[in-house]
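Everything below concerns the one structure shown next.
First the proteins, then the strands, lettered A, B, ... as listed; each starts at 1.
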There are 2 protein chains.
Amino acid sequence: MTQRPITMKDVARAAGVSVMTVSRAFKTDSSVSPDTRDHIRKVAEDLGYVLDSTAANLRSQRSDFVAVTIPSLNNANFADTVSAMSDVLGKAGMQILLGHTNYDIHEEERLIAQFLQRRPAAMVVTGGRHTDRTRKLLSNAGIPVVETWDLPPDPIGHVVGFSNARAMDPLVAHLQATGRQRIAFIGGDADGDTRGTDRRMGFIRAMEARGLDPTRLIRAGQVPISMKEGAAAMARLLADLPDTDAVICVSDLSAFGALSECARRGVDVPGDIAIAGFGAYEIAGIAHPTITTMNPHPRRIGTRTADLLLMTMNGDAQGETLRFEIAPEFVPGGSTG
Amino acid sequence: MTQRPITMKDVARAAGVSVMTVSRAFKTDSSVSPDTRDHIRKVAEDLGYVLDSTAANLRSQRSDFVAVTIPSLNNANFADTVSAMSDVLGKAGMQILLGHTNYDIHEEERLIAQFLQRRPAAMVVTGGRHTDRTRKLLSNAGIPVVETWDLPPDPIGHVVGFSNARAMDPLVAHLQATGRQRIAFIGGDADGDTRGTDRRMGFIRAMEARGLDPTRLIRAGQVPISMKEGAAAMARLLADLPDTDAVICVSDLSAFGALSECARRGVDVPGDIAIAGFGAYEIAGIAHPTITTMNPHPRRIGTRTADLLLMTMNGDAQGETLRFEIAPEFVPGGSTG
DNA sequence: GCTTGACCCGTTAACGTTACCAGAAGATAA
DNA sequence: TTATCTTCTGGTAACGTTAACGGGTCAAGC
């Protein structure tokens, strides 16, 4: 039984007022007498009327969408960032349009092109490396753009993030300070995960700066690398470079895999080898031993981004492009003794 | 420099054709000569034109949105389901509008009311317990509705899920078969997580059916319970009911927390106590020992749901309400020896 | 030649809402 | 009393696109 959908016109007729008054009854800031508003709301509820925000957006030429792209849905760090953004933006009546790129900047381009058709009020992307067309699309969109989880040298718009490269420094410093010299790095194969690539670069630079050998690099598989791949990489590391005395993993997940592999083989952590990760995932704090890591404060990134957007959309800071650095925090754990 | 946004009219003028022809040039299935289409596409690209799907949706009275609500973004199981749905629906040109309810059916109601204003082509919700208003909203929306991750007794529309209660049966059976008698259950406090509540109920029923004592129930904190809360609950269990010889945790995350706590205290798993979880999270397969669990096949749920929606939206199976049971699979691990 | 049909393109109106302007009714001030 | 302001409500047009239909052109068939 498909019946004609109910519109404002129906509500107006039933309530004995004009459509315009019905429209006003559904906006919080417009002037309708309290009685009329209540009456209209009640009539609407009885009729089962639901406002059509598609039409509203078209007419008013503004939308309550903020489009967001992240590399993967299945990642606690990105999920935290989005969740925090959603909390702040939701209170302001905005909605998040979320998409995942599978760590592929061409998929990101496709997704962003699709999102822009929705005429979002703002666009948030993860990372600072994009296709040329993506950059062009975002620049021409005429809306606030925020790049997160990175500190790109040539930003498109606003930035809320940190240097993935420099984030390796405290870890290398800590390992050296605790007497380790032969430090390895476990990361993903491809360059799809630019944050992972940046961390590897940062590792190399930090090692060189300290006069240490930066060539113990293990490729663990397709990004994002899993716990299992971390374990396999650790197995290879122990076989190929048995004198290694510490390893930094591109994420806590692979670090935990590496830790498990050591447990399985009876390799003592941190006695025989120290292990560090990145991301401050819950597993890092509960593993046995706990895993030394860096906390990039994902929720803080999300909150900052949302606040920034609300500011610029209110007309403050118009035209400026803002840049917030959220410094990752060193979190010592038992895995580096 | 805010300039007037570019519309089809601008493209039409620049390409020397009518707006209608431009519109057709952007739809794959409509009849425009290849030359004209290429020309228009090129002109549009040069002008930086981006189609406004808000207007398109309004005019055509259909949308390419599928709205989806899940309890939490930060959950690998739900993320997998959404990701699989997104893969299938994306290929059909549809987009997912995702929201999280924080395990609160009133928040779910708010979210669904908001989503329905977008006139989605379909609506997917997680779980089978909702507020009365939610049920009414979904019933009256005139679009396909799917409830997932559950097998509700009184479904609103289609169903793709499984019985969380019955899913406890294989675990209890396995534990009993391996000689355990004094089996405990660790779950969340509140009833917000209806799937968790169902599992506890299912545990009690399975225990009773086997003549075992179903009263060893530990409340571990606010849902969703974390690894840490799982660990704390295990500590309480060991203190309060030291003769317990097995424990089923509401999820693998809490199970891993429990396992860690045992490791910390030198309690042998599975020698002193067996541990089982639920969800087949990656951690279950890599923990040491691996954790016995149930795999609810989250991606399969997502794929099935998406396929079902594409079917009904193509006009097949109109009017029927379909019900797919995706049976969880028992995954033995080392933690139950 | 004329008819028929396929293919391509244009004109008009409409989707459901809100911006904008205006006007009526009542309150307040002179 | 009249003038002025405030509060509430209504009429009209427009947002950018596509559905529906109509018309023109050209090739094939008679």
Side-chain angles (χ1 to χ4, degrees), chain A residues 2-41 43-44 47-65 93 116-121 141-142, chain B residues 2-41 43-44 47-65 93 116-121 141-142:
Chain A
T2 318
Q3 58 203 8
R4 195 176 51 79
I6 296 154
T7 72
M8 273 194 181
K9 203 185 287 187
D10 303 309
V11 179
R13 197 181 348 258
V17 295
S18 73
V19 248
M20 201 53 235
T21 304
V22 177
S23 172
R24 278 191 273 252
F26 279 95
K27 315 208 67 179
T28 47
D29 56 346
S30 46
S31 66
V32 203
S33 81
D35 288 353
T36 320
R37 167 171 279 135
D38 291 349
H39 177 225
I40 292 174
R41 283 263 173 95
V43 169
L47 288 177
Y49 170 71
V50 176
L51 183 86
D52 186 334
S53 59
T54 304
N57 287 347
L58 175 62
R59 178 55 182 114
S60 64
Q61 290 294 88
R62 62 185 117 79
S63 89
D64 38 12
F65 271 137
L116 289 178
Q117 298 193 346
R118 302 280 175 197
R119 299 290 187 268
Chain B
T2 317
Q3 58 203 8
R4 194 175 53 78
I6 296 155
T7 72
M8 275 196 179
K9 204 185 286 186
D10 302 308
V11 179
R13 200 187 338 265
V17 295
S18 73
V19 250
M20 199 55 231
T21 305
V22 178
S23 172
R24 279 192 270 252
F26 279 96
K27 313 208 68 183
T28 47
D29 56 347
S30 46
S31 65
V32 204
S33 81
D35 288 354
T36 320
R37 168 170 279 136
D38 291 349
H39 177 227
I40 292 175
R41 283 265 174 93
V43 169
L47 288 177
Y49 169 71
V50 176
L51 183 86
D52 186 335
S53 59
T54 303
N57 286 347
L58 174 62
R59 177 55 183 113
S60 64
Q61 289 294 88
R62 63 185 116 81
S63 91
D64 39 12
F65 271 136
L116 288 178
Q117 299 193 345
R118 302 281 175 197
R119 298 291 186 268

N-O pairing of B:Arg59 and B:Asp52 below 4.0 Å: no
Sugar-phosphate, base or nothing in reach of B:Ser23, heavy atoms under 4.0 Å: base
DNA chain C: 5'-proximal contact among A:Met8 and B:Val32 (nearest heavy atom): B:Val32
Among A:Val19, A:Ile40, A:Thr21, the one residue meeting side chain to side chain contact (heavy atoms under 4.5 Å, CB included) with A:Val11: A:Ile40
B:Arg119 (side chain) and C:dG16 (base): donor-acceptor pair under 3.5 Å: no
Toward the 5' end of DNA chain D, by each residue's nearest nucleotide, B:Val50 or B:Arg24: B:Val50
Nucleotide D:dT17, atom P - distance to CZ of A:Arg118 in whole Å: 14 Å
Selected nucleotide, minimal atom distance to B:Thr21 side chain, candidates C:dT18, D:dT9, C:dC9: C:dC9
Sugar-phosphate only, base, or nothing, as touched by A:Tyr49 at under 4.0 Å among non-hydrogen atoms: sugar-phosphate
Distance, rounded to the nearest Å, where B:Asp38 contributes CG and C:dC8 contributes P: 13 Å
Length of the NZ-C1' vector between B:Lys9 and C:dT12, whole Å: 14 Å
Residue-phosphate contact under 4.0 Å: A:Gln61 side-chain N/O, D:dG16 OP1/OP2: yes
Side chain to side chain contact (heavy atoms under 4.5 Å, CB included) assessment of B:Arg41 paired with B:Phe26: CA-CA 8 Å; B:Arg41 283 265 174 93; B:Phe26 279 96; 4.0 Å; yes
Between D:dT17 (P) and B:Arg59 (CZ): distance, integer Å: 13 Å
N or O in side chain of A:Ser33 less than 4.0 angstrom from D:dT9 OP1/OP2: yes
Residue-phosphate contact under 4.0 Å: B:Ser18 side-chain N/O, C:dT11 OP1/OP2: no
OP1 or OP2 of C:dC9 under 4.0 Å from side-chain N/O of B:Thr36: yes
N or O in side chain of A:Arg62 less than 4.0 angstrom from C:dA19 OP1/OP2: yes
5' precedence on DNA chain C between B:Met20 and A:Val22 (nearest-nucleotide basis): B:Met20
C:dG16 phosphate, OP1 or OP2, under 4.0 Å from A:Thr7 side-chain N/O: no
